[in-house]
Amino acid sequence: LNAQSLQKGVGFSVRNENGKPTGVVLSAKDDGAVLRSAGFQPGDIIVSANGRPVTSPADIAAQLRPGARLNLEVERGAGKVPVNLVLEQQ
């Protein structure tokens, strides 16, 4: 998985609770293959990346670079799951 395919295949939108951004909701831009190959499901919400809160798509985009390691905390349904990504070198 590389940063470019992730950005092309996954949609990012802000989740707001009580008027404050509290995470980034993921959606599939294509058939969902990129989303699933990265370990995500449509509707997952990224709430932290490498131990830092995620409140906007820019928080994720800033870390999508070749060779990056992302340790993400994702809300899925009623629970939280870790998703760990290592992006390919280009």
Side-chain angles (χ1 to χ4, degrees):
L1 183 67
N2 62 48
Q4 186 177 20
S5 65
L6 191 61
Q7 289 176 319
K8 286 183 179 179
V10 179
F12 301 91
S13 59
V14 176
R15 174 182 70 176
N16 285 295
E17 292 181 332
N18 299 320
K20 294 185 179 184
T22 59
V24 172
V25 181
L26 304 179
S27 60
K29 288 185 178 176
D30 52 17
D31 64 359
V34 173
L35 197 68
R36 287 190 302 279
S37 72
F40 298 113
Q41 296 177 8
D44 279 355
I45 303 165
I46 300 174
V47 294
S48 72
N50 296 334
R52 295 188 174 148
V54 170
T55 58
S56 76
D59 294 339
I60 299 297
Q63 297 186 50
L64 296 180
R65 59 191 180 282
R69 293 180 183 272
L70 300 173
N71 299 311
L72 306 171
E73 183 177 30
V74 174
E75 289 183 4
R76 179 177 294 156
K80 290 185 180 178
V81 296
V83 175
N84 299 306
L85 297 177
V86 178
L87 300 179
E88 296 173 355
Q89 296 285 348
Q90 293 182 331

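What you are looking at is a predicted structure, and each value in this text was computed from that prediction instead of being measured.
- Summarising the local packing, NZ of K29 is surrounded by more than 12 heavy atoms from other residues, nucleotides or ligands at distances under 6.0 Å.
- Remark: N50 pairs with Q63 by the side-chain hydrogen bond (donor to acceptor under 3.5 Å, both in side chains) rule, at least two apart or across chains.
- For the pairing with F40, the side chain to side chain contact (heavy atoms under 4.5 Å, CB included) check across V81, V34, L85 returns one residue only, L85.
- Taken from CZ in R52 to CG in N71, the straight-line distance is 12.5 Å, to the nearest 0.5 Å.
- Residues meeting the salt bridge (charged side-chain N to carboxylate O under 4.0 Å, His left out) test with R76, sequence neighbours left out: D44.
- S27 meets the side-chain hydrogen bond (donor to acceptor under 3.5 Å, both in side chains) test with no other residue; sequence neighbours excluded.
- Scanning all heavy atoms of the two residues, the minimum distance from G32 to A28 falls at CA-CB, 3.6 Å.
- Residues forming a side chain to side chain contact (heavy atoms under 4.5 Å, CB included) with K80 (at least two apart in sequence, or on another chain): E73, E75.
- Counting side-chain heavy-atom gaps under 4.5 Å among Ile, Leu, Val, Met, Phe, Trp and Tyr, the cluster of I45 also holds V25, V47.
- Looking at residues two or more places apart in sequence or on another chain, you find a side chain to side chain contact (heavy atoms under 4.5 Å, CB included) between T22 and R15, E17.
- G39 and V83 make their closest contact through O-CG2, 3.9 Å (heavy atoms, listed as atom of the first residue, atom of the second, distance).
- Here the CG-CZ distance, from N84 to R69, works out to 10.0 Å after rounding to the nearest 0.5 Å.
- Counting only heavy atoms from C-beta outward, the side chains of V14 and P57 approach each other to under 4.5 Å.
- For the side chain to side chain contact (heavy atoms under 4.5 Å, CB included) test, residues two or more places apart in sequence or in another chain that qualify with A33 are D31, R36.
- The heavy-atom pair separating L26 from V10 by the smallest distance is CD2-CG1, 3.9 Å.
- Shown here are the side chain to side chain contact (heavy atoms under 4.5 Å, CB included) partners of A58, two or more places apart in sequence or in another chain: S56.
- Rounding to the nearest 0.5 Å gives a distance of 8.0 Å between CG of D30 and CG of L35.
- I46 places none of its side-chain heavy atoms less than 4.5 Å from the side chain of D59.
- Note that the CD1 atom of I60 and the CD atom of Q7 stand 11.0 Å from one another [nearest 0.5 Å].
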